[in-house]
Amino acid sequence: MTATYKNDFLKEVEANVEDGQWVKMCMQCGVCAGSCPLGPHWQHSPQKIFMMIRAGKREEVLTSDSMWMCTSCYNCIVRCPRKLPITHIMHGLANYAHRLGLAPKGQPTREIAKLFWDNIVKTGRVNELKFSLAMYFKDGFGQGVKNAMAMQGIGLGLMKAKRLNPMEMLGGHTCKDKGGIHKMIAKAREIEDRRKGLSGH
Amino acid sequence: MADIKYAAYICSGCGIGDKLDVDALEKVATKEGKMAVVKSHPFLCSTEGVDLIKNDIANDGVTHVMIAACSRRAKAEAFTFPDNAVSRANLREGVIWVVAEGSEHDEVRQEMAEDYIRMGCAEIKKMTQPAGNPNKAQSKRIMVVGGGMSGMTAALAAADAGYEVVLIEKTAKLGGFASNLLKRVPFNAPYAEAQPTGVEELASKVSGHAKIKVHLNSTLSETAGAPGRFIAKIAQESGAIAEETVGAIVQATGFTPYDINKLTELGGGQANVVDQAGLEALAKAANSGAIKRADGKEVKSVVFVQCAGQRGSGGNGNGQHLEYCSGHCCATSIKQATYFKDANPDVDTIVMYLDLRVPGMGEDFYRSAQEKGVIFTKAKVNGVSGGLSGEMSCKVNFKDLILDEEATVDADLVVLATGQVANAGVNLDEWTATVTAAESGDAAAVQRKSELQKISVLNLNYRQGPDVPQFKYGFADSHFICFPYETRRTGIYAAGPARRPMDMFQAMEDATGAAMKAIQAVENATHGRAAHPRAWDLSFPKARLEGCTQCKRCTVECPFGAIDEDERRFPLFNEERCRRCGTCMGACPVRVISFENYSCDTVGMQIKAVNVPDEFEEKPRVLILACENDAYPALDMAGIQRLTYSAFVRAIPVRCLGSANTIWITDALNQGYDGVMMMGCKKGDDYQCHFVKGSEMAYYRMSKIDDTLKQLGLEPERVQTHEVAITDNARVARMIDEYVAQLTELGPSPMKGFG
């Protein structure tokens, strides 16, 4: 266990989290906490997350749902008197927790992010039909049917307006050099992992 | 006396001529005021108008000038005639601008103006133009007490301005507290790194300065005299006494860190718990290497506890220590935390603060320490345990105020940020009580008195005690905002942490300010005039000692300790120490104290000059005695804003409400006035009185006047005291109207017609 109120976890965050080196610069004014539109809905405000990192509360921080609740409205960044890139730090923490497998299981934002990522890296393009269906069915077949039925009106409307092509179900369109996209993503991941001293996900 | 010639000049400009019958005013000045020359002019403050007066002075033998125009606070420069006494009748701000418009008010407006003419004429007859103190002091040398950063800076500032300086230092070398520091908080951009203290350079500059004479290992065994002629007896290490004559004194005696051993609840007294001074010693010993504890173990983790024994119950500790914030300690802890980080970035360095106070550019220094990895935790520290011996580390128990939970952290070393205690000498309240008890034969008090004499810094031989009066929390100040450096002893200026808690940068600024005040004091003393706040005033109190009853009220009540006792126990006025407030004049029951241009008579004759209508006329008369520093300007401002108030009042400015003698009240009531309003400044701990205790004295005296009123068969409502601030223009107009309405209801004074 990481000792509390020692620098170990702060150093870990600085080394592994995007913009993590900013955490020590927080002056605990609480403007971010007061500015967040989702303030009442998450476990810990950014102010508290930063203090918890400094207090060495590794498990609590990485399993917190707070970073996943961020809607990237950038209110906190605009208002932070110390110019901390708070939104980016929150996303960085989310990413780090996800890679370590500590992020909360079944957290909706995390699930959607995963689906979106898996969808887009396949062909280099978002297959909206498959993405929507994957979302509907993420909680099981029965729930999926219910979700699809609830959305059928919108689906039909989109089809009429030629915004949704049912044929996308069969593979769907792709970008010109699919192999190249895959290579690019693999290389980017390799670089990032090397930088962060991680291997794979 | 044969050469005295009184002249009255009435201005009809600024609308005075439209609202008032100037011919009638001239008649009053001639017939009732008995002025030898009476002239009016449509624009008296113009060159032509002033020349008219100058010409009469030069060619017609006019010696005393009564000017009826605007307030004495307006056109003061134009109406200055250095060799002549001048009185002013306030027809503009005091009459035409404040009396309601309309012909139905013409009669009372004219009566008010005529009264002010009568008052101006009565005043001028009792005035003489002051010539200044004939016993002009000689010394322009400045003595600085204390050779720390503040003292050395003050000495250099005065010496560089061309004044000879005598510097007294208790220890064997210059430098003071700053000598014990490894580095100082940065003074310059980018405010990121601690800087060398610069104390050696400053000390060698002081020792090498041709105009500075340094006495090391020396203390003051006695200080006598007054600005321009202080005689300091300097006790030297050898036992010899050196004597120096100086004109002013800068007291830069610094501070002592609060005794850490008293902070047992925070681990004070434990081996691995130090105060900031203790940490500086460890850091100096480390010589930029790893900082080690007293037992030799390298410090791998350190916790700084801010506000230790400070800020009462709002700080850390049991709330039984210092009540105030010492201001410098947050930045100092930041600096000390960087000592650790600079030597070894892996040291866990936590600053536990309640409110991190780093004013000004300190914020940049704070950020720099954060960048170095110093962790700042908002926490209330409950206690420090362990750390008693050897390898054992300290355990800091605290409540994290952001995470709202109790926590514990181990640390090799705990630093307590304790506060500054002023080295301000003896508390005069205790001194007076001790001396009184000692005089009545109390053996313990006799013992305590000799202890206090040893604590004393200045050992003044003043009747009111051996040091400067302390303001709050034992600091040698007289007001936090209005009069920096000015103690309540003229010619003695406090600078640095002896005056109020502060850091080195502020102390050096403070020292420069105090040196400038000292220069002001010696210059004015050698010209025989007042230093401040009535700078350049040539008048000074004179006492007719043959009438003195030796009641000692003046010596006790003088806010500035200016009055001693001579060998026959008569008051001995030290004019150079005096600030010309007149509190002694107000105190004197037999009215023997006066100034040449301000006395019981100059005001008393004005009171008597007013035409008080009889009870059937239904025109009450109210006397206003208004402090000229705040209340009188507020009355003027009411006029400038064209706020109206009752035309039944007659306002007389006084130097300070403390100078108001009760005879004026008795005179006014005997004369048939229906009421008296006394307007002074705010008193108490957050006082605004320019003379510190003046308004308080006035309130105290007036609280005792009820018996007198009863003897006269008068209601207590007939005399009122008010606190009026300079911004109270609307309030003062409303107060007057309410009071006049109250008096109308009360009915006319039964004294009318007996005066």
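Since the model is a prediction, treat every value here as computed from it, not as a measurement. Numbers restart at 1 for each chain; the letters A, B, ... are given by sequence-line order, proteins then strands.
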- Message: Taking the basic N atoms (NZ, or NE/NH1/NH2) and the acidic carboxylate oxygens, is any pair closer than 4.0 Å for A:Lys11 and B:Asp346?
- Response: yes
- Note on the structure: In this structure, CD of B:Gln370 is separated from CZ of A:Arg82 (nearest 0.5 Å) by 4.5 Å
- Task: Taking atom CZ of A:Phe116 as the centre, report whether more than 12 heavy atoms of other residues, nucleotides or ligands fall under 6.0 Å from it.
- Result: no
- Query: Restricting to pairs with a member in residues 268-284 of chain B, which pass salt bridge (charged side-chain N to carboxylate O under 4.0 Å, His left out), not counting sequence neighbours?
  - Reply: B:Glu280-B:Lys335
- Query: For the residue pair A:Met25 and B:Arg367, what are the closest heavy atoms and their distance?
  - Reply: CE-CG, 3.1 Å
- At what distance, to the nearest 0.5 angstrom, does CD1 of B:Ile375 lie from NZ of A:Lys6? 11.5 Å
- Message: Tell me whether B:Lys380 at atom NZ has more than 12 heavy atoms from other residues, nucleotides or ligands lying less than 6.0 Å away.
- Response: yes
- Query: So do A:Met51 and B:Thr377 actually touch side chain to side chain, heavy atoms under 4.5 Å?
  - Reply: yes
- Message: So for atom NZ, which belongs to B:Lys341, do other residues, nucleotides or ligands contribute more than 12 heavy atoms lying within a distance under 6.0 Å?
- Response: yes
- Message: If we check side-chain contact (heavy atoms from CB on, under 4.5 Å) with B:Leu403, which of these qualifies: A:His44, A:Met52, A:Gln47, A:Arg54?
- Response: A:Met52
- Find the distance between CG (A:Asp8) and CG (B:Asp348) and round it off to the nearest 0.5 Å. 7.0 Å
- Minimal non-hydrogen separation, B:Val347 against A:Asn7, with atom names: O-ND2, 4.1 Å
- Using non-hydrogen atoms only, which part of B:Ile402 is less than 4.5 Å away from chain A: side chain, backbone, both, or neither? both
- Out of curiosity, B:Lys378 NZ to A:Met27 CE, how far, rounded to the nearest 0.5 Å? 11.5 Å
- Message: So for atom CD1, which belongs to A:Ile191, do other residues, nucleotides or ligands contribute more than 12 heavy atoms lying within a distance under 6.0 Å?
- Response: yes
- Message: I'd like to check B:Val303 versus A:Tyr5 (side-chain heavy atoms, cut-off strictly below 4.5 Å). Are they in contact?
- Response: no
- Message: Does A:Glu128, at its CD atom, have more than 12 non-hydrogen atoms belonging to other residues, nucleotides or ligands within less than 6.0 Å?
- Response: no
